[in-house]
Number of protein chains: 2
Amino acid sequence: MDTIPDPARRDTSGNRDSLHQRIMRDIEQRILSAEWMPGDRIPSEQALTEQYGCSRMTVNKALTQLAQSGLILRRRKTGSVVKRQDTRTAILAIYDVADEVKSHGLTYRYTICERLQRHPTMQETTCPGFREKEALLALTVLHLADDEPFCLEERVISLSAAPDAAEESFADLAPGAWLLNHVAWTSGEHRISAESSNARVSKLLKVTKGSALLVVQRLTWRQGEPVTRVRLNYPGHQHRLTADFTPIQGLRPNS
Amino acid sequence: MDTIPDPARRDTSGNRDSLHQRIMRDIEQRILSAEWMPGDRIPSEQALTEQYGCSRMTVNKALTQLAQSGLILRRRKTGSVVKRQDTRTAILAIYDVADEVKSHGLTYRYTICERLQRHPTMQETTCPGFREKEALLALTVLHLADDEPFCLEERVISLSAAPDAAEESFADLAPGAWLLNHVAWTSGEHRISAESSNARVSKLLKVTKGSALLVVQRLTWRQGEPVTRVRLNYPGHQHRLTADFTPIQGLRPNS
DNA sequence: CAGTGGTCTAGACCACTTC
DNA sequence: AAGTGGTCTAGACCACTGT
């Protein structure tokens with residue numbers, strides 16, 4: 001059938017890729033070029049072992065990775081097949097606001113507009129995960145790019161998860177970055193929505209009242225206990241989240 | 001140091017996990033529970049081989065997966081260490097509109113509001129990827145949930161990438177689903193923003209003019225050639241994108 | 001130089017699934 | 001029963017990197 005791609009597996013001089021990587025990319029390429037369509041059968045491990053003149057472990061490693069990245073389905077007896085394409089998943093990077101501003105080549109600065117310790121509001125106890133009567137630290141932070149308002153951050157920190165936060169001034173490090181360095185988290189959730197800006201947010205962000213805001217809410221837990229809840233309000237006209245995606249799930253090449 | 005977790009590697013009866021999976025989860029658990037903090041050294045493959053009484057390949061498989069999922073860093077000579085946590089990546093699922101509506105338990109319906117063949121506008125040639133004078137099919141589709149407007153889709157299809165689309169009525173299958181079944185793609189991009197609705201969109205979605213819209217733009221390429229560009233306008237008050245995330249990059253457990 | 005990970009082999013046994 | 005993938009072993013050689 002196919003010619004053996006390269007009988008000499010190992011160049012004595014410049015061997016860039018490992019063999020299992022090359023097998024993986026060969027198959028990946030045939031799938032992405034639509035040479036092998038969804039449902040088509042992929043040669044068995046035995047067949048690939050002969051084709052590449054290597055051991056089964058090496059082939060297995062390649063196919064296992066392809067299965068993990070969502071390109072193929074593996075079934076016993078019937079063999080592996082190309083998986084149906086699906087646009088559903090994309091990897092979305094939501095950066096730290098400071099990194100985001102600096103990546104645009106602008107100067108970054110922030111100010112703490114408001115800071116108070118309080119207990120959960122009615123809304124907070126009903127909605128996500130904060131317990132009643134828990135001590136919370138509420139912060140409002142304005143992030144500026146070239147001294148113009150860029151993003152308004154409304155954050156609530158659980159003082160049971162991060163007791164040190166009560167004594168922290170956040171003068172040198174914004175609360176988001178500080179938390180990342182001081183408290184470990186085990187799971188999180190992003191909620192992205194569009195809202196019309198209210199009077200308070202409009203004033204701080206210097207946008208007209210009622211204009212569209214892109215709102216990113218992030219909730220973070222540590223072993224099931226809420227750590228922090230943050231709401232990032234971006235003026236809709238100037239901000240945009242982007243997410244590249246490929247049929248290959250998992251890690252991006254530009255990581 | 002540590003007790004050997006389970007000297008008998010293989011239960012004769014109920015062995016649920018493979019050994020490399022268990023090693024992986026053991027280490028993962030210690031990292032997520034903050035027992036091992038960022039920068040801490042992970043036992044060498046040799047040490048783990050002895051701890052678990054297995055071969056090095058098995059340990060290697062576990063550590064390789066942990067490295068791929070972004071939990072650890074592997075370096076020769078110095079060994080593997082726990083990686084610094086990072087909130088940047090999240091997996092975002094952007095579903096087909098029909099699936100999305102049905103998942104809320106509502107009835108789904110769509111209507112094609114507008115359809116025309118045209119060439120790229122000035123804006124399109126300057127911005128993303130459509131060539132000049134290419135034949136395009138432009139569609140406006142209104143998606144309804146329980147017969148109420150749910151999302152307005154503005155789509156442009158490249159007729160060189162999908163020639164069959166010119167003859168297709170899209171009566172049985174909405175353009176998005178039709179394309180997924182008929183044209184393979186190799187890369188894509190999502191752009192998420194918030195905008196105030198203009199007169200045309202407001203009228204079709206039955207929202208007040210100027211209200212906040214969540215706008216999801218999706219661009220799809222096939223081998224560098226643009227396939228389709230779609231703009232999904234959701235009324236901001238009723239829609240929200242959510243994305244769960246963990247320190248573990250890659251596949252979600254609920255896939 | 002010595003420690004560590006990166007890769008590979010040539011077998012082996014088992015589990016699952018379809019025939 | 002037979003084909004296929006899932007896992008594991010006990011070695012091996014090499015590449016990289018810090019001391």
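No hydrogens, no waters, no symmetry mates; every other heavy atom, side chains included, goes into these values. In what follows, chains carry the letters A, B, and so on, assigned in the order in which the sequence lines appear, proteins first and then strands, with residues in each chain numbered from 1.
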Name all residues meeting the side-chain hydrogen bond (donor to acceptor under 3.5 Å, both in side chains) criterion together with A:Y110; count only those two or more places apart in sequence or in a different chain, and write none if there are none.
-> none

Could you tell me the separation between the CD atom of A:Q46 and the P atom of D:dG6, rounded to a whole number of Å?
-> 15 Å

Starting at atom CD of A:Q65, determine the distance to atom C1' of C:dT7, rounded to an integer number of angstrom.
-> 13 Å

Length of the CG-P vector between A:L48 and D:dT4, whole Å | 11 Å

Between P of C:dA15 and CD of A:E45, the distance in whole Å = 18 Å

Give the rounded distance in Å between these two atoms: CG of A:D17 and C1' of C:dC8.
-> 15 Å

What pairs of residues pass the side chain to side chain donor-acceptor pair (under 3.5 Å) test when at least one of them lies in residues 162-173 of chain A, not counting sequence neighbours?
-> A:E168-A:W178

A:K61 NZ to D:dG6 C1', in whole Å, measures 15 Å

Integer-rounded Å distance: C:dT4 C1' and B:R41 CZ = 8 Å

Without swapping roles, check the side chain of B:T49 against the backbone of B:E45 for a donor-acceptor pair under 3.5 Å.
-> yes

Who are the side chain to side chain contact (heavy atoms under 4.5 Å, CB included) partners of B:Q46, not counting sequence neighbours?
-> B:S44, B:E50

Counting just side-chain N and O atoms, does A:T58 come under 4.0 Å of either OP1 or OP2 of C:dT9?
-> yes

Of C:dG5, D:dA10, D:dT7, the nucleotide closest to the side chain of B:M57 is D:dA10

Indicate whether OP1 or OP2 belonging to D:dC8 is found under 4.0 Å from a side-chain N or O atom of B:S55.
-> no

Considering residues at least two apart in sequence or located in another chain, which fulfil the side-chain hydrogen bond (donor to acceptor under 3.5 Å, both in side chains) criterion with A:D99?
-> none

Under 4.0 Å between a side-chain N or O of B:R56 and OP1 or OP2 of C:dT4?
-> no

Of all the choices, C:dT4, C:dC8, D:dC8, which nucleotide is nearest to the side chain of B:L19 once you look at every atom?
-> D:dC8

Side chain A:T186, main chain A:Q223, donor-acceptor under 3.5 Å = yes

For DNA chain D, determine which residues of residues 72-80 of chain A have any heavy atom closer than 4.0 angstrom to one of its atoms, and list them numerically.
-> A:R74, A:R75, A:R76, A:K77, A:G79, A:S80

Spacing of A:Q68 atom CD relative to D:dG5 atom P, expressed in whole Å = 16 Å

B:H239: partners by ring pair (Phe, Tyr, Trp, His ring centres under 6.0 Å), with sequence neighbours left out = B:F150, B:Y234

Candidate nucleotides D:dT9, C:dA10, C:dT7, ranked by approach to the side chain of B:N60 - the nearest | C:dT7

